[in-house]
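To start, the structure itself, in structure tokens.
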There are 2 protein chains.
Amino acid sequence: MSTILDVAKLAGVSRSTVSRVISGNGVVKSETRDKILHAIENLNYSPSYFAQGIKTGKTKMLAMLIPDYSNLYYGEMYRGIEQVALENGYMVMICNTDKSSTRERIYAEELRKREVDGIIYNTYKRNKDNIDYFTKLSKQMPVIFMDYIDDKDIDVPYVLSEGFESSKKAARYLVSKGKRRIGYIRVPPYISVVQHRYEGYKQGLIESGIEPDEELVYQCPDNEVGKTHLDVGFEGALFLMNKPNPPDAIMTSTDIMAVGAIKYLNGAGYKIPGDVSVVGFDDIALATIVEPSLTTISQPTRKIGEVAARILLAKINGENDIEDQIIFEPEFIVRGSTD
Amino acid sequence: MSTILDVAKLAGVSRSTVSRVISGNGVVKSETRDKILHAIENLNYSPSYFAQGIKTGKTKMLAMLIPDYSNLYYGEMYRGIEQVALENGYMVMICNTDKSSTRERIYAEELRKREVDGIIYNTYKRNKDNIDYFTKLSKQMPVIFMDYIDDKDIDVPYVLSEGFESSKKAARYLVSKGKRRIGYIRVPPYISVVQHRYEGYKQGLIESGIEPDEELVYQCPDNEVGKTHLDVGFEGALFLMNKPNPPDAIMTSTDIMAVGAIKYLNGAGYKIPGDVSVVGFDDIALATIVEPSLTTISQPTRKIGEVAARILLAKINGENDIEDQIIFEPEFIVRGSTD
DNA sequence: TTGAAAGCGGTACCAA
DNA sequence: TTGGTACCGCTTTCAA
């Protein structure tokens, strides 16, 4: 690998001048610039990220914390992030926290040491320590949350899609289809984003003249290690369908849970949507793969990733007066699991 | 952030001594070491990766090139890699090449510039330029291929699982189940690993006294941009089932293609496995989610990732006399799509 | 518009 | 067993 000195020699200038043209700071006569550009070309030179970083403090590296690699929701988000990152000379590291708050912290520490320029924080569950930690971190470096923090005292950047209205709409739709006993499978209310979806479901029932029935809500037990949303969906459906008065429709917090529910229902011989309708949330690719295809609420997931990345990059570049709390409105999509 | 100098001052020693304890090179009296360790603790000091890297040339960073983020096969492999990496103070960057040879090159260039310590190379298709490029690269830095290179003149490290025997076994199994017209859906023979699977399928038929019939083989057209294995599987099944003499079983190069085929077959009203059996390859999580669950050939995917990472780390640490061409034998797993 | 030179935060050689 | 010091490759004043 050639160094800046090699380039300088070949171009017959000093290191400083070469540095000016690669960093884009300062003025260089265009002839000189051309000479240097040629030298760079000839030597196939590229500046060392180490040496650059040691002065600028920039790694040109973003990190994305995700709780579960196997949920392709994050994969879709990643594509949006990756695209924006690449366009701007950044790379992004995926950090799989495996739904563990501890691993979130461990990764965050490691990322701090590695001085990544920004962090995209997807969490699975909230504990107060981690909220505090990442909130504090967000004051020191660019961090963007992909979830609400309900605490009004905490002000952090975020990008997410709202779930209340769309879930309400879905619930009302099920009622319009003649369903009356509409169940819900959910994770514990750690995650605000997901909590809003649940509230929308309840409100939809109320507005349709149906009293929400706690009996029809399955909330997965706390702290089940190694359990995926898929498992939760399966178990939730199992639990609800074996009640004395089972539901005739099931809504879920996420698509992957809905897929788990469908898996159970198919296996147990229920007709979907005849016996039971199913509605998910997210619109991951899997939604059109399962049989029947899944009615769901579609998030602009890729777009969410793009926007998050742009906000992060803006902050990294010192633009602090940008809009950094963005909420998307998702879209209700009807497929075979309800029609 | 405190620097090595702060630590040195607080501990009352020189930078050199501090450096010795953090890098682990050289001998330090244990009292001195303790003093330094305390100082490090107190200052919450961690060495700058930049400054370390500039001297050592090590980024403590691995990269994993994958052709398709949405294929969870790579997700599973990643988990194995991540685990080994983390244990050794490394982080791994996922680079999604989107099945594009050009993007493979672009990423490789970028990784070279960023001086990652090692590369795990998963490709989708082979073009000679890229084989040459990565082969050459593997002489300059640790690179591990997750695929065969059939060219005997090319000697590179690899980890993979062999597909010949297991595919043969699967074909024979289908015959034992009374199937006679066994089709195959495959990608073009770019990828040697996948080619071996196909050869095994043919050999299995031959050994069962059935003449392989080209008519029953669907090979996805070259260079279909934006098409996933899922699409290929769907189209392959569509193509094969609409022949005058359709198959009564279908084998595929990958699970995700098999899932696409199942999607088509379900939609078109075929009974699986009654009308058509389906066999995949990989054993990704999706295999047990689809209806019916997928008979497949199970790779020790996570293990493959672990082994690849270990080889890479060994090479990074200068151990060049290690076994670096590893082949796993996968396992045939019978599920609902054949029984 | 350009060059000289002082760092940035480490590592590693050499001498003590 | 330790300290002094010359780098590593680049950025960034400051002067010319």
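First the proteins, then the strands, lettered A, B, ... as listed; each starts at 1.
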Atom [atom1] of [X] to atom [atom2] of [N]: distance rounded to whole Å?
X        : N      : atom1 : atom2 : value
A/Phe50  : D/dC10 : CZ    : P     : 12 Å
B/Ile54  : D/dG9  : CD1   : P     : 7 Å
A/Tyr49  : D/dT11 : OH    : C1'   : 16 Å
B/Glu115 : D/dC10 : CD    : P     : 9 Å
B/Ile22  : D/dT2  : CD1   : C1'   : 16 Å
A/Lys55  : D/dT11 : NZ    : C1'   : 5 Å
B/Ile4   : D/dG3  : CD1   : P     : 12 Å
A/Lys58  : D/dC10 : NZ    : P     : 19 Å

Side-chain N,O ([X]) to OP1/OP2 ([N]) below 4.0 Å:
X       : N      : answer
B/Ser14 : D/dG3  : yes
A/Ser23 : D/dC10 : no
A/Tyr45 : D/dC10 : yes
A/Thr3  : D/dG9  : no
B/Thr17 : D/dG3  : yes

Report task. Please report the C-alpha distance between A/Ser19 and A/Ser16 in whole Å, then the side-chain angles of each, then the deciding distance to 0.1 Å, and finally whether the side chain to side chain donor-acceptor pair (under 3.5 Å) criterion is met. Result -> CA-CA 5 Å; A/Ser19 175; A/Ser16 324; over 6 Å; no
Query raised in the report: Between which nucleotides of DNA chain C, 5' to 3', does chain B make heavy-atom contacts below 4.0 Å?
Result: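 First-to-last contact on DNA chain C, by the 4.0 Å heavy-atom rule, is C/dG9 to C/dC13.
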Just checking [X]: base, sugar-phosphate only, or nothing, at a heavy-atom cut-off of under 4.0 Å?
X       : result
B/Leu5  : nothing
B/Val28 : sugar-phosphate
B/Val18 : nothing
A/Ser48 : sugar-phosphate

Requested in this report: Apply side chain to side chain donor-acceptor pair (under 3.5 Å) to B/Thr97 and B/Ser100, showing your working.
Outcome: CA-CA 6 Å; B/Thr97 60; B/Ser100 149; over 6 Å; no
Query - Toward the 5' end of DNA chain D, by each residue's nearest nucleotide, B/Arg15 or A/Arg15 - result: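 First, find each residue's nearest nucleotide; the 5'-ward one identifies B/Arg15.
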**Report entry** Ring geometry between B/Phe134 and B/Tyr121 (parallel below 30°, tilted from 30 to 60°, perpendicular above 60°)
**Finding:**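 Judged by the thresholds at 30° and 60°, the geometry between B/Tyr121 and B/Phe134 is parallel.
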Query raised in the report: Regarding A/Arg79 and the six-membered ring of B/Tyr69, is the cationic atom NZ or CZ under 6.0 Å from the ring centre and inside 45° of its axis?
Result: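 Because its charged atom misses either the 6.0 Å distance or the 45° angle limit, A/Arg79 does not stack over B/Tyr69.
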Query - Option passing salt bridge (Lys or Arg N to Asp or Glu O under 4.0 Å) with A/Lys315 (candidates A/Asp321, A/Asp117, A/Asp324) - result: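 Only one of A/Asp321, A/Asp117, A/Asp324 forms a salt bridge (Lys or Arg N to Asp or Glu O under 4.0 Å) with A/Lys315, namely A/Asp324.
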**Report entry** Exam field: side chain A/Ser2 to backbone A/Leu43, donor-acceptor pair closer than 3.5 Å
**Finding:**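 The answer is yes, because a donor-acceptor pair under 3.5 Å joins these two groups.
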Query - Worked verdict on A/Glu104 versus A/Tyr133 for side chain to side chain donor-acceptor pair (under 3.5 Å) - result: CA-CA 10 Å; A/Glu104 284 183 6; A/Tyr133 182 88; over 6 Å; no
**Report entry** Residue from A/Leu62, A/Val84, A/Thr59 passing side chain to side chain contact (heavy atoms under 4.5 Å, CB included) with A/Tyr90
**Finding:**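 Answer to the side chain to side chain contact (heavy atoms under 4.5 Å, CB included) test with A/Tyr90 among A/Leu62, A/Val84, A/Thr59: A/Leu62.
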Query raised in the report: Out of D/dC8, D/dT11, D/dT13, which nucleotide sits closest to the side chain of A/Arg20?
Result: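 Among D/dC8, D/dT11, D/dT13, the one nearest the side chain of A/Arg20 is D/dT13.
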